[in-house]
Amino acid sequence: MSVYAVGDIQGCYKTLRALLQQIQFQPAKDTLWCAGDLINRGPDNVDTLNYLMSLPNLRIVLGNHDLHFLAIAEGVSKPHRGDTISDLLDHSDLPNFVDWLAKQPILVVDDHQKLAMVHAGLPAIWSLKEAKAHARTIEQALQGEDRKQFLKNMYGNTPSSWRQDLNEADRLRIMTNFFTRLRYYQNGGHLELTHKADQAPAGFKPWFLERHPSLAAYTILFGHWAALGNVTRPGLFGLDSGCVWGRHLTALRLDDGQLFKQPNREG
Ligand SMILES: [Mn+2]
């Protein structure tokens with residue numbers, strides 16, 4: 001009855017299964033949390049999704065690659081150079097993959113265990129209550145009749161600052177960027193989306209160095225930032241250890257905070 005959280009799988013199915021074997025994961029008893037970017041850039045996206053969809057005890061959040069896949073599948077975006085999701089796009093089960101992913105959350109919070117999981121980040125300007133409401137807004141847009149419009153609107157790096165008076169399209173785009181693409185942040189709600197390295201651009205800091213007081217007692221789990229490798233700080237775990245870049249896939253056992261690493265097995 002253990003709970004494990006894994007970082008960005010990105011279609012690295014063989015590595016995922018090797019990691020689960022290493023931790024002796026028991027699907028009927030154990031729970032798996034996935035911090036998003038389940039697919040893309042890696043080789044086996046169909047196998048990855050089929051396996052995750054078969055798990056009885058799974059909690060995931062969507063990442064930028066998952067949303068990009070949905071946008072392509074819905075015909076509102078084109079594959080980018082380096083995308084590897086043609087196995088999903090050409091599959092007869094494509095509608096099932098799309099339906100399943102579109103129903104998944106942007107933010108998972110367990111208030112009893114004091115855990116929160118998001119793909120990229122939680123800006124310190126938002127209380128936990130506000131973050132939940134903003135995530136719900138995105139989830140409703142993905143699940144409703146406006147899905148295509150939401151997905152078409154989501155691309156872009158602007159606005160780069162959160163304000164209360166943003167129009168609806170800009171508000172949805174920046175909320176999605178905070179949850180699924182944030183790395184560097186500046187006080188007051190400014191985000192910077194072009195830097196991936198471990199060197200902060202002038203005036204910015206990694207988002208997780210600040211948090212809203214309402215999240216003080218929570219452990220936050222996130223992925224997305226492969227350049228940093230695993231981040232372990234009090235109340236914070238960064239789980240993207242660059243599996244798809246030939247490094248490791250990481251699992252965190254939430255019961256005792258132990259980290260398990262599986263070297264990339266994709267060959
Ligand atoms: Mn990502």
Side-chain angles (χ1 to χ4, degrees), residues 5-13 15-16 32-45 48-49 52 59-73 77 79-85 88 97 101-102 104-108 116-123 131 134-135 138-139 142 150-151 154-157 160 172-185 191-198 200-201 204 206-208 220-231 236-252 264 266:
V6 301
D8 306 37
I9 301 165
Q10 298 198 249
C12 293
Y13 175 69
T15 313
L16 171 67
L32 190 65
W33 290 39
C34 296
D37 282 357
L38 310 176
I39 53 171
N40 204 8
R41 303 291 165 89
D44 289 328
N45 303 291
T48 299
L49 285 192
L52 293 174
R59 303 194 81 177
I60 75 164
V61 289
L62 294 172
N64 52 310
H65 282 290
D66 308 311
L67 292 173
H68 177 54
F69 161 71
L70 288 174
I72 295 167
S77 181
H80 296 165
R81 199 159 54 102
D83 286 349
T84 62
I85 45 183
L88 290 167
F97 297 132
L101 278 173
Q104 302 301 324
I106 292 292
L107 173 70
V108 163
M117 177 171 68
V118 66
H119 178 61
L122 287 170
H134 297 330
I138 297 170
E139 290 156 9
L142 263 180
F150 165 79
L151 291 166
M154 96 184 150
Y155 291 93
N157 293 343
S160 59
L172 276 166
R173 189 179 314 107
I174 191 173
M175 290 190 315
T176 308
N177 281 336
F178 273 127
F179 285 122
T180 67
R181 294 179 63 212
L182 178 62
R183 291 190 182 98
Y184 289 109
Y185 177 78
L191 80 173
E192 208 287 338
L193 291 166
T194 59
H195 281 67
K196 292 186 174 183
D198 52 3
F204 287 83
W207 67 267
F208 52 75
I220 299 176
L221 311 175
F222 70 103
H224 187 62
W225 204 340
L228 285 189
N230 289 131
V231 178
L236 185 90
F237 288 96
L239 297 171
D240 184 2
S241 45
C243 179
V244 80
W245 308 116
R247 289 155 50 204
H248 297 81
L249 189 64
T250 295
L252 164 71
N264 177 300
E266 304 309 309

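Numbering of ligands and ligand atoms starts at 1, following listing order.
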J.: So does Gly7 get a backbone contact from the side chain of Thr250, meaning a donor-acceptor N/O pair under 3.5 Å?
T.: no

J.: Test your reading of the model: is there a side-chain donor-acceptor pair from Glu266 to the backbone of Thr15, 3.5 Å cut-off?
T.: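 Such a contact is found between Glu266 side chain and Thr15 backbone.
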
J.: If the test is side-chain contact (heavy atoms from CB on, under 4.5 Å), which one of Asp8, Leu16, Asn264 qualifies with Cys243?
T.: Asn264

J.: What pairs with Asp66 under side-chain hydrogen bond (donor to acceptor under 3.5 Å, both in side chains), at least two apart in sequence or on another chain?
T.: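 Not a single residue meets the side-chain hydrogen bond (donor to acceptor under 3.5 Å, both in side chains) criterion with Asp66.
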
J.: Among Asn157, Thr176, Asn64, find the one that has a side-chain hydrogen bond (donor to acceptor under 3.5 Å, both in side chains) with Arg181.
T.: Asn157

J.: Would you call the rings of His119 and His224 parallel, tilted or perpendicular, taking 30° and 60° as the class edges?
T.: perpendicular

J.: Pull up every protein N/O/S atom sitting under 2.8 Å from the Mn ion (ligand 1), skipping waters.
T.: Asp37 OD2, Asn64 OD1, His119 NE2, His224 ND1

